[in-house]
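The structure under discussion appears below in the form of structure tokens.
These values consider heavy atoms only, across backbone and side chains, with no hydrogens, waters or symmetry-generated copies. Keep in mind that this is a model prediction, so the values were computed, not measured.
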Amino acid sequence: MKIYIVGQGAVGNYFGDLLRSVGIEVTFAPRRLADVSEPYDADVALVTTKAYDTDSAIQTLRAAIAHPEKCAFVSPQNGVGNEEKLAAAFGADNVVAAALTTPVGRDRDGNVLLTNEGGLAFAPMGANAYNWLVAAFAGTGLNVKVVEDWRALKWSKLALNVVANASCAILNVFPNRLVHFEKVFTLEIRMIREVRAVMHAMKIAPVDLPRYPVRALFNVSVLPSPVARGLLARSVAGARGTKAPSLLIDLRNGKPQTEVDVLNGAVSSAGHEYGVPTPVNAIYCRVLDDIAHTPPLWAKYREHPERLEAEVVAEMKRVKMLARAKA
């Protein structure tokens with residue numbers, strides 16, 4: 001088997017090291033499209049770039065994959081919308097949605113740390129089952145799960161990705177600190193409820209992923225807020241405590257854009273389409289986008305949870321006023 005990986009970040013290198021450890025041939029795409037020298041006869045193309053680089057990844061794949069009609073294009077990327085782009089380029093039957101729940105880290109020398117925690121879930125978009133692909137990844141020792149509905153897979157992973165992510169980035173704090181901001185952490189509960197409501201409106205049922213019971217997360221979110229906050233706080237502080245979430249890492253690295261548009265932004269957009277109010281996700285997306293594009297604005301929110309709360313409360317009032325006006 002030959003695997004071509006677009007994206008040389010932590011996740012791409014994690015997969016590369018893991019697959020090579022069991023003798024699978026792995027080739028990484030060059031960082032520049034102009035450096036693609038000749039087509040590669042790949043069986044699998046893994047897209048591990050950030051979601052905002054998916055379009056450029058597709059350009060690379062068009063130039064690099066010798067026989068795209070015989071290649072499986074796999075997206076373990078965060079957020080929603082990546083699979084649709086790959087399907088438009090290469091056909092839905094050739095695309096496999098994926099969700100990685102293994103925590104990927106690096107040692108002090110920058111080497112990727114391999115771990116057996118979590119796992120990998122697959123969900124083909126089209127009619128092909130891709131049993132051989134599942135078997136190949138299971139052969140690495142990963143806990144591999146197959147999900148029938150690819151939308152359920154990606155939205156369930158999104159539900160995990162949004163928890164203690166945008167809020168931590170906006171406030172410049174780690175999850176173990178966020179849980180002590182009572183009012184803002186209550187907004188986290190509301191945010192999860194919004195994701196749940198949007199998925200229900202879209203007729204997408206949540207699915208549990210390796211290591212993470214997404215359905216239990218949703219069940220906790222609908223409990224009375226003080227109870228939900230207590231249960232979720234222990235889980236977040238214990239599992240993700242002092243680990244910087246992805247959106248915070250992007251802001252600290254000075255990235256001019258983040259993946260918030262395919263996370264909280266996707267919830268807000270779907271809510272607008274299906275008539276579901278999503279004020280928390282909408283404000284998280286807007287504020288984080290504003291900070292990414294205008295870094296000095298970050299000073300307004302760093303260590304100031306009351307300012308983020310005020311933005312959300314104002315949006316909630318606006319949504320209620322619009323609803324009353326329509327009624």
(message) Taking Arg286 first and then Glu311, would you say they form a salt bridge - that is, a charged N and a carboxylate O separated by under 4.0 Å?
(response) yes
(request) Using a strict cut-off of less than 4.0 Å between a Lys/Arg side-chain nitrogen and an Asp/Glu carboxylate oxygen, indicate whether Arg32 and Asp35 qualify as a salt bridge. (result) yes
Atom of [X], atom of [Y] and distance for their closest heavy-atom approach:
| X | Y | answer |
| --- | --- | --- |
| Val44 | Met1 | CG2-SD, 4.3 Å |
| Leu158 | Ala266 | CD1-CB, 4.3 Å |
| Pro210 | Asn143 | CB-ND2, 3.7 Å |
| Cys285 | Val260 | CA-CG2, 3.8 Å |
| Pro68 | Phe90 | CB-CD2, 4.0 Å |
| Ile65 | Cys71 | CG2-CB, 4.0 Å |

Does any donor atom in the side chain of [X] or [Y] lie under 3.5 Å from an acceptor atom in the other side chain?
| X | Y | answer |
| --- | --- | --- |
| Thr101 | Tyr212 | no |
| Glu259 | Ser246 | no |
| Arg229 | Thr186 | yes |

Going hydrophobic residue to hydrophobic residue with side-chain gaps under 4.5 angstrom, can you get from [X] over to [Y]?
| X | Y | answer |
| --- | --- | --- |
| Tyr284 | Val313 | no |
| Ile189 | Met199 | yes |
| Tyr301 | Ile249 | no |
| Val144 | Phe73 | no |
| Val207 | Ile204 | yes |

(message) Test side chain to side chain contact (heavy atoms under 4.5 Å, CB included) on Leu61 and Tyr4; report intermediate values, then the result.
(response) CA-CA 9 Å; Leu61 291 168; Tyr4 191 77; 4.1 Å; yes
(request) Examine Arg302 relative to Trp298 and say whether NZ or CZ is less than 6.0 Å from the centre of the six-membered ring and inside a 45° cone about the ring axis. (result) yes
(request) Measure up the Phe137 and Phe122 rings against each other and bin them: parallel (under 30°), tilted (30 to 60°), perpendicular (over 60°). (result) perpendicular
(request) Give, for atom CG of Asn281 and atom CG of Leu263, the distance between the pair rounded to the nearest 0.5 Å. (result) 9.5 Å
Taking atom [atom1] of [X] as the centre, report whether more than 12 heavy atoms of other residues, nucleotides or ligands fall under 6.0 Å from it.
| X | atom1 | answer |
| --- | --- | --- |
| His304 | NE2 | yes |
| Lys255 | NZ | yes |
| Glu148 | CD | no |
| Arg307 | CZ | yes |

(request) Give the C-alpha distance, both sets of side-chain angles, the deciding distance and a yes or no for side chain to side chain contact (heavy atoms under 4.5 Å, CB included) between Asn78 and Val262. (result) CA-CA 8 Å; Asn78 290 334; Val262 298; 5.7 Å; no
(request) Report the C-alpha distance between Ile192 and Leu232 in whole Å, list the side-chain angles of each, state the deciding distance to 0.1 Å, and finish with yes or no for side chain to side chain contact (heavy atoms under 4.5 Å, CB included). (result) CA-CA 11 Å; Ile192 298 168; Leu232 187 60; 3.6 Å; yes
(message) Within the structure provided, determine whether Leu187 and Met316 are in side-chain contact (heavy-atom separation under 4.5 Å).
(response) yes
(request) Go through the steps for Leu19 and Leu46 under the test side chain to side chain contact (heavy atoms under 4.5 Å, CB included), then give the verdict. (result) CA-CA 12 Å; Leu19 294 164; Leu46 273 176; 4.3 Å; yes
